[in-house]
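Here is the naming used below: chain letters follow the sequence lines, and residue numbers restart at 1 for every chain.
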Number of protein chains: 2
Amino acid sequence: MDKNKKKASLKDVASYVGVSTSLVSFVLNGKGRLHRVSEETIAKIKKAAEKLNYQPNSFAKSLREGKSRVIGVVLSDISNPFFSMIARYLEDEAEKYGYSILFASSDENRDRAEKQIAHLVSRGADGIILVPCEKSEKTVEAVLETGKPLILIDRYFPTIRTNYVCLNNREVSRLATEHLLTHGFSHPGVIAYDTTLQHMQDRVNGYKQAMTEAGKAGLISESRVKEANLHNAISGSISRMLAEGVDSLLFATNNIATEALKVIKGKGIRIPEDLGIIGFDGGNAFELFHVPVSYIRQPISLLAQKAVEIIMDEILMGEKMTHQVEVQGSLVITESSIKSC
Amino acid sequence: MDKNKKKASLKDVASYVGVSTSLVSFVLNGKGRLHRVSEETIAKIKKAAEKLNYQPNSFAKSLREGKSRVIGVVLSDISNPFFSMIARYLEDEAEKYGYSILFASSDENRDRAEKQIAHLVSRGADGIILVPCEKSEKTVEAVLETGKPLILIDRYFPTIRTNYVCLNNREVSRLATEHLLTHGFSHPGVIAYDTTLQHMQDRVNGYKQAMTEAGKAGLISESRVKEANLHNAISGSISRMLAEGVDSLLFATNNIATEALKVIKGKGIRIPEDLGIIGFDGGNAFELFHVPVSYIRQPISLLAQKAVEIIMDEILMGEKMTHQVEVQGSLVITESSIKSC
DNA sequence: TTGGATAATTAAATCGTTTTAGCTAAATTT
DNA sequence: AAATTTAGCTAAAACGATTTAATTATCCAA
């Protein structure tokens with residue numbers, strides 16, 4: 001094994017051909033013509049680079065150029081299906097620009113997120129894509145102060161002027177509720193996380209709006225679920241709401257929906273006879289449930305595409321405007337949300 | 001906004017305190033005492049670094065040291081739950097060493113994997129953790145030639161001497177089949193991917209071994225499933241095997257198990273009366289199925305922990321030995337694999 | 001008081017690029 | 001023939017750190 005053969009550097013190529021490193025750099029960066037290097041030399045240099053298997057040293061390049069071609073992504077938890085899908089699309093989109101992605105999971109922990117971001121920045125990330133966690137306004141503002149390109153994804157803070165891409169949470173949630181109301185359910189409820197994060201508030205607000213529009217503001221009986229001890233909390237909520245007369249439920253996240261389906265299965269609640277349901281983000285899991293489950297579909301790939309597009313604009317072209325994009329979710333309707341009368 | 005205030009460099013700290021950059025470097029790397037810097041100066045330098053919010057430039061550091069503190073990970077597809085779990089544990093383990101992880105998805109495509117690896121190496125990854133795809137022996141060998149630390153995870157090539165961490169596929173698969181044989185099922189079958197990858201062969205071989213040990217070698221009627229058109233292929237396999245008298249099935253991956261459960265639900269096959277089943281890797285999805293599903297549990301966190309441990313040994317200490325680790329899977333048994341007689 | 005330790009610090013090379021400014025020789029203009 | 005332009009190339013600084021060898025100052029022993 002020749003594990004000791006060092007990688008060839010610009011200098012190696014240069015001395016192999018018998019020219020200066022400048023020429024090699026010009027040629028290999030496609031600026032040969034611009035710097036009027038002779039065709040002959042261009043050819044020789046290219047051949048030599050090939051032959052020596054020259055690979056530019058990315059550290060030297062980054063040091064010199066002040067660019068890393070890496071985007072840092074901090075999301076809630078990459079093992080959560082929703083976020084791992086986002087991760088995958090971000091990866092694909094970034095690749096189109098020749099960028100790589102450095103991932104980190106915050107676990108919805110503010111301090112952890114702060115550390116992760118600092119770490120990514122110190123690693124030289126050219127920009128940050130962030131799924132911000134609750135009460136992390138200061139963290140976000142700190143990144144903004146840096147001037148480092150930043151875009152929030154999935155969530156945003158109404159009080160902070162940043163780039164963000166998120167779902168039209170309120171509207172799609174309103175639509176889902178309206179659908180329940182017009183398909184045999186007179187008393188819908190909603191189960192959401194008990195967080196101040198705006199996207200979650202929006203999902204609840206969409207529900208409230210639909211109820212109000214239907215003249216049922218009086219029926220609003222929301223149950224919020226704390227993330228801790230999720231399964232039990234959801235189980236309790238469902239029992240309580242059923243007792244109160246709720247006849248259908250909107251689940252505000254994929255996780256909540258999945259846990260709720262387990263509870264429903266466990267309690268033997270009939271869908272849609274006893275309870276109409278609409279989940280968030282379909283997925284393999286739902287398909288194993290004994291009744292097809294209606295859900296709100298998020299265009300995850302679009303979410304990722306927009307996020308990368310916007311941050312790349314800022315990184316590459318110095319775009320200064322703030323972009324705030326809402327992508328449109330849609331309703332996928334099946335048996336679980338239609339009461340046959 | 002003071003977006004123009006450049007980050008402070010070593011030189012800035014040095015001139016702020018009125019010393020040379022050497023001293024600052026010594027002190028901030030904890031080698032102050034070693035180079036007998038006076039306590040007074042140490043204190044001054046630390047305070048100044050704090051005050052100027054000095055963050056070392058990682059490119060300069062990497063360039064000089066020839067280390068990046070980044071591990072490159074190429075896996076099949078980060079949006080696949082199994083791999084996103086691995087990704088998450090890898091992230092956590094690497095963090096313990098102060099390392100970050102650069103992810104890339106190969107989509108089981110050899111050329112893509114090759115490109116991704118090249119990309120990660122050119123990005124300066126100190127080592128590569130790889131889920132190799134079919135027929136990628138040459139790619140793996142090419143990495144080995146480089147001398148860059150490498151470890152395969154989840155899969156391996158018996159013909160190549162590399163570090164790897166994988167499940168005791170054959171044994172756990174044998175156990176699962178044996179379990180079926182001793183719990184009311186006289187004619188088990190297996191559904192696996194039609195690939196030459198050894199881990200998959202091992203899973204099938206474990207099944208065959210159990211059958212042979214039970215004196216039922218004659219009953220071996222395996223169905224292999226091509227990845228393309230998965231759902232339909234599995235549907236066909238299940239029908240065919242049931243017709244052939246198969247009374248129970250071992251599914252060799254989580255994906256196969258999930259798709260199979262959908263088929264089973266669709267066809268109204270009763271579990272375990274008509275068919276006993278054992279899946280691979282439990283997960284949220286299984287819990288929504290109307291019968292609790294037995295499965296083979298992989299210690300994913302251990303898999304990741306070992307992988308990082310081994311590659312870090314090589315990166316940091318120049319460990320030269322090849323480590324080949326098999327972690328032990330276990331059977332999680334519920335109703336789906338026990339025929340009540 | 002000369003020489004040798006010892007303590008405290010610094011100068012300068014180095015890592016591998018990119019890029020600006022400058023140099024030489026040939027070609028063209030006046 | 002002198003001046004200018006152009007073609008083709010190179011030298012050297014810069015990016016921001018680490019590290020080796022060198023330097024200065026101080027103190028102590030002989």
* Does B:Thr21 get its side chain close enough to the base of C:dT10, under 3.5 Å, for a donor-acceptor pair? -> no
* Euclidean distance, atom NZ of residue B:Lys11 to atom C1' of D:dA17 [Å, nearest integer] -> 11 Å
* Asked: Roughly, in whole Å, what's the span from CZ in A:Phe26 to P in D:dT10?
  -> 11 Å
* For B:Ser100 and A:Arg123, test the side chains for any donor-to-acceptor distance below 3.5 angstrom and give the result as yes or no. => yes
* Asked: More than 12 foreign heavy atoms under 6.0 Å from NZ of A:Lys46: is that the case here?
  -> no
* Does the side chain of A:Ser122 come under 3.5 Å of the side chain of B:Gln55 through a donor N or O and an acceptor N or O? -> no
* What is the distance from CD of A:Glu65 to P of D:dG16, rounded to the nearest Å? -> 14 Å
* To do: I would like to know whether B:Glu141 and B:Lys138 meet salt bridge (charged side-chain N to carboxylate O under 4.0 Å, His left out); could you show each step before the answer?
  => CA-CA 5 Å; B:Glu141 275 163 345; B:Lys138 294 193 75 171; over 6 Å; no
* To do: Grab the NE2-P distance between A:His35 and C:dT18 for me, whole Å please.
  => 11 Å
* Structure fact -> note: A:Leu28, atom CG; C:dG16, atom P; distance rounded to Å ~ 16 Å
* Members of residues 40-64 of chain B that approach DNA chain C, where some heavy atom sits under 4.0 Å away -> B:Thr41, B:Leu63, B:Arg64
* To do: Go through C:dT20, D:dC9, D:dA17 for me and flag the one nearest to the B:Leu10 side chain.
  => D:dA17
* To do: Compare side-chain N and O positions of B:Ser25 against OP1 and OP2 of D:dT18 and report whether any pair is under 4.0 Å apart.
  => yes
* To do: Pick base, sugar-phosphate or nothing for A:Lys67, based on heavy-atom distances below 4.0 Å to the nucleic acid.
  => nothing
* Is it true that A:Lys306 and A:Glu326 make a salt bridge, defined as a side-chain N closer than 4.0 Å to a carboxylate O? -> no
* Is the phosphate of C:dT19, meaning OP1 or OP2, less than 4.0 Å from a side-chain N or O of A:Lys31? -> yes
* Does a donor on one side chain and an acceptor on the other come within less than 3.5 Å for B:Ser79 and B:Asp77? -> yes
* Under 3.5 Å, is there a donor-acceptor pair linking the side chains of B:Ser68 and B:Asp126? -> yes
* With a non-hydrogen cut-off below 4.0 angstrom, is B:Ser9 in contact with a base, only sugar-phosphate, or nothing? -> sugar-phosphate
* A:Ser38 near the nucleic acid: base, sugar-phosphate alone, or nothing, with a heavy-atom cut-off under 4.0 Å? -> sugar-phosphate
* Structure fact -> Residue pair A:Arg36/A:Leu23 against DNA chain C: nearer the 5' end by closest nucleotide is A:Leu23
